[in-house]
Amino acid sequence: MHCHSNDPLDLGTHRGLTVVTLGVAAGPAIRGPENGIATAIVVDDRFYLVDFGLGCTRAAHEAGLRGQRLAGMFITHLHSDHVAELPSYLLFNWGRPVEGLESPVPVIGPGPDTGRADGSLAGSRELVDSILKAFSYDLDIRIQDEGRPELGRLLEVMELEDSFDAPTVVFEDSHVRVHATSVDHPPVHPAYAYRFETAHGSVTISGDTTFSPALIELARETDLLVHEAVNIDFYRGKGFSGAFLNHQLQSHTTPADAGRVAALSGARQLVLSHLAGRAEDSWWTAQAASTYAGPVTVAKSGMALRPGARAAAQPSKDVE
Ligand SMILES: [Zn+2]
Ligand SMILES: [Zn+2]
């Protein structure tokens with residue numbers, strides 16, 4: 001059902017739906033070899049990115065993904081482990097010399113948290129604008145010196161509404177329709193999960209969330225559910241504070257509860273990612289399998305998965 005391959009994709013010939021778990025670690029902490037959270041949804045000759053954790057720039061390159069094929073960028077929420085590498089990703093995927101962005105792409109993410117500091121803290125738009133400002137010297141030089149396009153004009157930032165009670169279409173093009181729903185990741189607001197519908201199947205990305213009924217609705221009958229998971233015992237065993245453990249319990253999901261979400265939504269396959277705290281793969285899998293009868297995969301950085309294999313068995317619609 002999936003292959004763990006380091007062979008880069010060739011988007012010139014790629015057809016169907018492939019999900020690449022570019023990075024699978026929660027953070028901001030380095031507790032092992034895995035990259036920080038980032039997921040690519042590859043549809044035919046283009047791809048979409050969800051979150052920009054530490055290591056995503058190199059991981060995307062090694063997966064064969066180049067900015068010139070990027071069709072959308074999505075941010076689940078503004079915890080730094082999800083956006084820390086956005087600056088590098090943009091700077092290393094910009095313009096023809098690096099097979100980077102040449103035409104505008106949407107950047108879709110949360111607006112400012114209206115409940116904190118009177119809404120004065122940066123949302124997605126200010127995040128992007130600040131990156132452009134911080135690197136204005138380099139950007140200006142490369143525009144003149146190398147004839148690169150103006151990066152700011154290639155990024156069409158769209159901030160989402162504060163909360164969606166039900167799955168809501170936030171983006172649509174010829175290859176995907178993307179729904180978002182608000183998830184429960186206190187004290188972070190807004191926080192979103194995204195579902196990508198394609199002609200080859202669907203994939204749902206949980207973002208960071210505790211057990212969330214809204215996510216069950218979003219993931220209804222999805223072909224592949226990428227769900228976050230935390231091993232609380234890892235932190236308990238290391239003597240983390242009660243407040244820290246409480247945060248983990250209230251705003252993240254145990255693998256058994258991730259399995260519950262998969263079972264209740266009727267997801268056809270569960271992938272555990274954004275792994276917080278370390279454990280053997282067999283532990284993660286057994287926990288999820290205690291509540292979910294379908295296939296469970298523990299994501300690794302660079303793992304390529306092919307959901308919707310039933311679609312692949314049908315005659316290709318891409319030859320037109
Ligand atoms: Zn996170
Ligand atoms: Zn978070």
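Read the numbers this way: they start at 1 and go in the same order the structure lists the ligands and their atoms. Just so it is clear, the model here is predicted, and its values are computed rather than measured. For reference, positions follow the sequence shown, starting with 1.
Less than 2.8 Å away from the Zn ion (ligand 2), the protein contributes these N/O/S atoms: H77 NE2, H79 ND1, H185 NE2, D208 OD2.
Residues R177 and E172 are paired through a salt bridge, judged by an N-O separation under 4.0 Å between the basic side chain and the carboxylate. Taking 4.0 Å as the cut-off between side-chain N and carboxylate O, E99 and R96 do not count as a salt-bridged pair. Checked for salt-bridge contact, D281 and K300 meet the test: a charged N lies under 4.0 Å from a carboxylate O.
Using modelled atom types, one side-chain atom of N35 and one backbone atom of L22 make a donor-acceptor pair closer than 3.5 Å.
Listed by chain and number, the residues in a side chain to side chain contact (heavy atoms under 4.5 Å, CB included) with R142 are W94, D138, E146, R148 (sequence neighbours excluded).
Between E228 and the options H274, H252, H185, a side-chain hydrogen bond (donor to acceptor under 3.5 Å, both in side chains) holds for only H252.
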